[in-house]
**Student:** 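Sharing a structure below in structure tokens format, with a few things to ask.
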Protein chains: 2
Amino acid sequence: MPASTDISTDLDDISFLGRLSEALSQRIEEQTRPLFDDAGITVPVRSCSLLTALSEAGEASAADLARALGQSHQLVVQKCPALLRLGLITQHADPADARRKIFRLTDAGRDQLARIDAYSARISEVYRALFAEVGDVHGTILKALNALDARPLSERIAGSRTD
Amino acid sequence: MPASTDISTDLDDISFLGRLSEALSQRIEEQTRPLFDDAGITVPVRSCSLLTALSEAGEASAADLARALGQSHQLVVQKCPALLRLGLITQHADPADARRKIFRLTDAGRDQLARIDAYSARISEVYRALFAEVGDVHGTILKALNALDARPLSERIAGSRTD
DNA sequence: ACTACAATATATTGCGCAATATATTGTATG
DNA sequence: CATACAATATATTGCGCAATATATTGTAGT
């Protein structure tokens, strides 16, 4: 549990939005973990998409997974040891390319994915209800991200100059 | 710069919302740092509020600051060494309570705060424009946070049971 | 074949944070 | 006074990620 219950929402605080969105990310992570525990899901919350991508690919190298997930290669590499330890994936040398190491799902990994799939419908439902309650968090954040990618703060600040 | 340009926005991905909000937090952090550099602000972006709180308090212990900021004591303690190294704050023993160490702003710290203040109005303006463009990110995230605090995912999942 | 370059993997370091444990000091109670 | 308890500070460890550097292997050009 995070120690901070009270988050500054002051608009004059320069990094208010960053901390707010980080806080949301943390709440979700914190609240999802016990759900996973109850459902017998041992997968790290942030590695679910890796398992899914591996399942879709059948087999894949770290670089393949990184591309599929839009994450960095290093990040994927750093996640894999935990999944190996949990016995959810296996690692194999690529006979055709000695640079690559190929990952595959184990039966345990497939079992985890099945559990995740069974859960994901209900979780999506919960999120849809949440969005109906508080507004389209998902869409709004997405729009903000795209806007910042298209035109970063530096340009926006420059454009707001009065001189 | 983060390696991931392409973030999964798939609603079926259980942790999509967590990653989205984290991505937003990162974009803001990344894009704010160079702005600070240009403005001669050396303060770590995430320590701005600490400096502000210290300025308002005049002098304060780590625990005082933690309470004022709604952050954990440990987090404050871990941020302070950097501010000490930068010469923005000083540390003093409390004559009245040997448990406490008192922090104070230095002149350099006050100078940094002045620069931050000068910037903050323009940054607020930029955010207001951004919100006008993409929707009220701030308010929506805040509502989501409050909703999750009031009723965590576990309850929401339980409530969505069909049996 | 040799060289240059691209892709992949690995290792190391650092940031920001949480969690935990321990030491120190103050306060209140018997 | 002694003991228990609360508050504060410090140290250590771990997580998740980025950044950087280096090694290895494949590929293309000469």
Side-chain angles (χ1 to χ4, degrees), chain A residues 1-5 7 15 18-19 21-33 43-50 60-86 91-103, chain B residues 1-5 7 15 18-19 21-33 43-50 60-86 91-103:
Chain A
M1 204 184 325
S4 60
T5 40
I7 290 142
S15 54
R19 265 180 298 104
S21 43
E22 198 199 322
L24 180 58
S25 172
Q26 284 173 5
R27 285 293 185 293
I28 292 171
E29 170 91 26
E30 289 160 25
Q31 298 191 359
T32 305
R33 186 67 259 168
V43 185
V45 177
R46 299 196 122 87
S47 296
C48 282
S49 53
L50 203 165
S61 70
D64 293 337
L65 292 168
R67 270 187 299 269
L69 293 167
Q71 297 178 357
S72 72
H73 170 258
Q74 298 98 307
L75 182 51
V76 171
V77 162
Q78 282 168 342
K79 282 175 172 176
C80 285
L83 300 178
L84 284 165
R85 269 200 312 280
L86 288 166
Q91 205 179 30
H92 313 270
D94 183 343
D97 187 338
R99 290 174 303 181
R100 290 159 41 94
K101 287 189 176 176
I102 298 176
F103 296 103
Chain B
M1 203 185 328
S4 59
T5 40
I7 290 144
S15 55
R19 264 180 298 106
S21 44
E22 199 199 320
L24 179 58
S25 173
Q26 284 173 7
R27 285 293 185 292
I28 290 170
E29 169 91 26
E30 289 160 24
Q31 298 191 359
T32 304
R33 187 64 259 169
V43 185
V45 177
R46 298 195 123 88
S47 296
C48 282
S49 54
L50 203 165
S61 70
D64 293 336
L65 292 168
R67 271 186 299 267
L69 294 166
Q71 296 178 358
S72 73
H73 170 258
Q74 300 98 307
L75 182 50
V76 170
V77 162
Q78 282 168 341
K79 282 175 174 176
C80 285
L83 300 178
L84 284 165
R85 269 200 312 279
L86 288 167
Q91 207 179 27
H92 313 272
D94 184 342
D97 188 338
R99 288 174 305 182
R100 289 159 42 92
K101 287 190 177 176
I102 299 177
F103 296 103

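Keep in mind it's a predicted model, so treat the numbers as computed, not measured. Chain identifiers are assigned alphabetically (A, B, ...) following the order of the sequence lines, protein sequences preceding nucleic acid strands; residue numbering begins at 1 within each chain.
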**Student:** Tell me the interatomic distance from A:Q74, atom CD, to C:dA11, atom P, rounded to whole angstroms.
**Tutor:**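 Checked: the CD to P distance equals 14 Å.
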**Student:** What is the minimum heavy-atom distance between A:F103 and A:S61, and which atoms define it?
**Tutor:**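 Minimum heavy-atom contact is CD1-C, 4.2 Å.
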**Student:** Under 4.0 Å from OP1 or OP2 of C:dT8: is there any side-chain N or O of A:R67 that close?
**Tutor:**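 Yes, such a contact exists.
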**Student:** Are B:D94 and B:R99 close enough for a salt bridge, meaning some N to O gap below 4.0 Å?
**Tutor:**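 Salt bridge: no.
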**Student:** Give the rounded distance in Å between these two atoms: CZ of A:R19 and C1' of C:dG16.
**Tutor:**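 Spelled out: CZ on A:R19 to C1' on C:dG16 is 13 Å.
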**Student:** Looking only at side-chain N and O atoms, does B:R33 come under 4.0 Å of OP1 or OP2 in D:dA18?
**Tutor:**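 Answer no for this pair, as no side-chain N or O of B:R33 is under 4.0 Å from OP1 or OP2.
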**Student:** Evaluate side-chain hydrogen bond (donor to acceptor under 3.5 Å, both in side chains) for A:E22 paired with A:Q26, printing each intermediate quantity in order.
**Tutor:** CA-CA 6 Å; A:E22 198 199 322; A:Q26 284 173 5; 3.0 Å; yes
**Student:** Rounding to a whole Å, what distance do you find between B:E22:CD and D:dC15:C1'?
**Tutor:**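 Going from CD in B:E22 over to C1' in D:dC15 covers 12 Å.
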**Student:** Looking only at side-chain N and O atoms, does B:K79 come under 4.0 Å of OP1 or OP2 in C:dC15?
**Tutor:**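 So the side-chain polar atoms of B:K79 never come under 4.0 Å of the phosphate oxygens OP1 or OP2 of C:dC15.
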**Student:** Which pair of heavy atoms, one from A:R33 and one from A:V45, lies closest together, and at what distance?
**Tutor:**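 Nearest heavy atoms, A:R33 then A:V45: NH1-N, 3.7 Å.
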**Student:** Nearest-Å distance, NZ (B:K101) to P (C:dT25)?
**Tutor:**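 Answer to the nearest Å: 11 Å.
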**Student:** Measure from the side-chain heavy atoms of A:S72 and tell me the nearest of D:dC17, D:dA18, C:dA6.
**Tutor:**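 Output: D:dA18.
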**Student:** Return no unless some side-chain N or O of A:H73 is found under 4.0 Å from OP1 or OP2 of C:dA9.
**Tutor:**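 The answer is yes; a side-chain N or O of A:H73 sits under 4.0 Å from OP1 or OP2.
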**Student:** In Watson-Crick or G-U wobble terms, both distances under 3.5 Å, what is the partner of D:dA4?
**Tutor:**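 Because both required distances fall under 3.5 Å, D:dA4 counts as paired with C:dT27.
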**Student:** Over how many whole Å does the gap from A:R99 atom CZ to C:dT8 atom P extend?
**Tutor:**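 Checked: the CZ to P distance equals 6 Å.
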**Student:** What is the distance, to the nearest angstrom, from the CG atom on B:L50 to the C1' atom on C:dC17?
**Tutor:**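 Distance, rounded to whole Å: 14 Å.
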**Student:** Let's see if you can work this out: which of C:dT25, C:dA9, D:dA18 has an atom nearest to the side-chain heavy atoms of B:Q26?
**Tutor:**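 The listed nucleotide nearest to B:Q26's side chain is D:dA18.
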**Student:** Output the rounded distance in Å from CG (B:L75) to C1' (C:dC15).
**Tutor:**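 It works out to 12 Å between those atoms.
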**Student:** Minimum heavy-atom separation for B:S25 and A:G18, please, with both atom names.
**Tutor:**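 Here B:S25 and A:G18 meet closest at OG-O, 3.2 Å.
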**Student:** D:dA9, D:dA18, C:dA9: which one has an atom nearest the side-chain heavy atoms of B:A62?
**Tutor:**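 So the nucleotide nearest the side chain must be D:dA9.
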**Student:** On DNA chain D, does the nearest nucleotide to A:A96 precede the nearest nucleotide to A:Q78 from the 5' side, or the other way round? Give the residue.
**Tutor:**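 Nearest-nucleotide comparison on DNA chain D picks A:Q78.
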**Student:** Mind listing the closest non-hydrogen atom pair of B:P44 and B:L86 along with its distance?
**Tutor:**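 Result for this residue pair: CD-CD1, 4.0 Å.
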**Student:** Closer to the 5' end of DNA chain C via nearest nucleotide, is it B:D97 or A:V77?
**Tutor:**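 Nearer the 5' end of the strand: A:V77.
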**Student:** Mind checking who D:dA9 pairs with, Watson-Crick or G-U wobble, both distances under 3.5 Å?
**Tutor:**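 Because both required distances fall under 3.5 Å, D:dA9 counts as paired with C:dT22.
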**Student:** Taking only the side-chain nitrogens and oxygens of A:S61, find out if one of them lies under 4.0 Å from OP1 or OP2 of C:dT8.
**Tutor:**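 No, outside the criterion.
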**Student:** Within the structure, does a side-chain N or O atom of B:R100 lie under 4.0 Å from either OP1 or OP2 of C:dT24?
**Tutor:**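 False: B:R100 side-chain N/O out of range (4.0 Å or more) of C:dT24 OP1/OP2.
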**Student:** Expressed as a whole number of angstroms, how long is the span from A:I102:CD1 to C:dA7:C1'?
**Tutor:**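 Interatomic distance, CD1 of A:I102 to C1' of C:dA7: 15 Å.
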